[in-house]
Amino acid sequence: MPVGGFSTTRPDLPHPLGAEIVTPSSSMWRIGELPVRTAQRPGRRVHIIGLCGATGETVQTLAHRPLPLRVAWQWPGAYAALEEMEDGLVLHTDPAAAMPLYAVTWRGTWAWSTSARHLAAQSPPTTEPP
C-alpha cells in the first residue's frame with residue numbers, strides 16, 4: 001500500500017496505474033487503503049501517512065504551527081509526516097524506519113514514495129554514454 005508524490009504540483013507528473021490522488025491540489029497519490037489524514041490552512045498542508053496514534057484534533061492543529069522535531073516518533077504507530085508548503089515539502093520519518101521514505105530527483109523536482117519499487121517505476125530511464 002504505497003504512497004508517493006512530488007515536491008511540486010505541475011500538471012505533467014505521473015503516478016502509478018491504479019493510484020488515486022489524495023487531495024485535489026496535491027501531487028500525492030496512494031495505492032490501496034493506507035490511511036492518510038490531512039490538515040490544512042492556506043499555503044500549508046500536513047499529511048500523516050500510515051497508522052498514527054494522534055487524535056484527529058491533534059492532527060488538525062499541526063497545520064497551524066511548525067511541526068515538532070519529534071513528530072515522526074511522538075505518537076504510537078508506523079507513520080510518516082509530510083509538510084506541503086507553497087515553496088516545497090518536508091518529509092519526516094522515524095529513525096527506526098517503520099515507515100521508510102525514499103526520494104530521487106525527477107526532471108527538476110523531487111519524487112518520493114514509501115515504496116522504492118514504485119518510486120523506481122516513476123523515475124525516467126537514464127541513458128548511458130556510448
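Numbering starts at 1 and runs along the sequence shown.
When each of Arg41, Arg44, Arg45 is tested with Glu84 by the rule salt bridge (charged side-chain N to carboxylate O under 4.0 Å, His left out), just one qualifies, namely Arg45.
Cluster note: Val90 groups with Met85 through ILVMFWY side-chain heavy atoms spaced under 4.5 Å, whether in direct contact or through intervening members.
A ring-centre distance under 6.0 Å is found for Phe6 and Trp106.
Put simply, the side chain of Leu51 reaches to within 4.5 Å of the side chain of Pro35, judged on heavy atoms. No side-chain heavy atom of Ser115 sits less than 4.5 Å from a side-chain heavy atom of Tyr102. Residues Ile49 and Tyr79 fail the side-chain proximity criterion, which asks for heavy atoms closer than 4.5 Å. For the pair Thr114/Met99, a side-chain contact is recorded, criterion being any heavy-atom separation below 4.5 Å from C-beta on. Proximity of Ile31 to His118: side-chain heavy atoms (C-beta onward) are separated by under 4.5 Å at one or more points.
One finds the OG1 atom of Thr93 at 10.0 Å from the CH2 atom of Trp73 (value rounded to the nearest 0.5 Å).
Ser7 places no side-chain N or O within 3.5 Å of a backbone atom of Leu89 that could act as its donor or acceptor partner. Between the side chain of Arg107 and the backbone N or O of Leu13 there is no donor-acceptor pair closer than 3.5 Å.
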Practice task
Go through the steps for Ile48 and Val36 under the test side chain to side chain contact (heavy atoms under 4.5 Å, CB included), then give the verdict.
Solution key: CA-CA 6 Å; Ile48 301 297; Val36 177; over 6 Å; no
Handout entry: Trace of the side chain to side chain contact (heavy atoms under 4.5 Å, CB included) decision for Leu82 with His92
Key = CA-CA 6 Å; Leu82 168 64; His92 304 265; over 6 Å; no
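Here the shortest heavy-atom pairing between Trp29 and Gly5 reads NE1-N, 3.6 Å. The heavy-atom pair separating Leu67 from Ala81 by the smallest distance is CD1-CB, 4.4 Å. Contact record, Asp94 with Ala72: CB-O, 3.4 Å, taken as the closest heavy-atom pair. Residue Trp112 comes nearest to Leu91 through the heavy atom pair CB-CD1, 3.7 Å, listed as atom of the first residue, atom of the second, then distance. The shortest heavy-atom contact between Ala63 and Val46 is CA-CG2, 4.0 Å.
Side-chain contact annotation: His47 with Thr38, donor-acceptor N/O pair under 3.5 Å present. The closest side-chain donor-acceptor pair between Thr55 and Thr58 falls under 3.5 angstrom.
Linking ILVMFWY residues whenever their side-chain heavy atoms come closer than 4.5 Å, directly or via other members, places Val22 and Leu101 in the same cluster.
Within a 6.0 Å sphere centred on CZ of Arg70, heavy atoms belonging to other residues, nucleotides or ligands number 12 at most.
In this structure, Arg30 pairs ionically with Glu20, as a charged nitrogen and a carboxylate oxygen lie closer than 4.0 Å.
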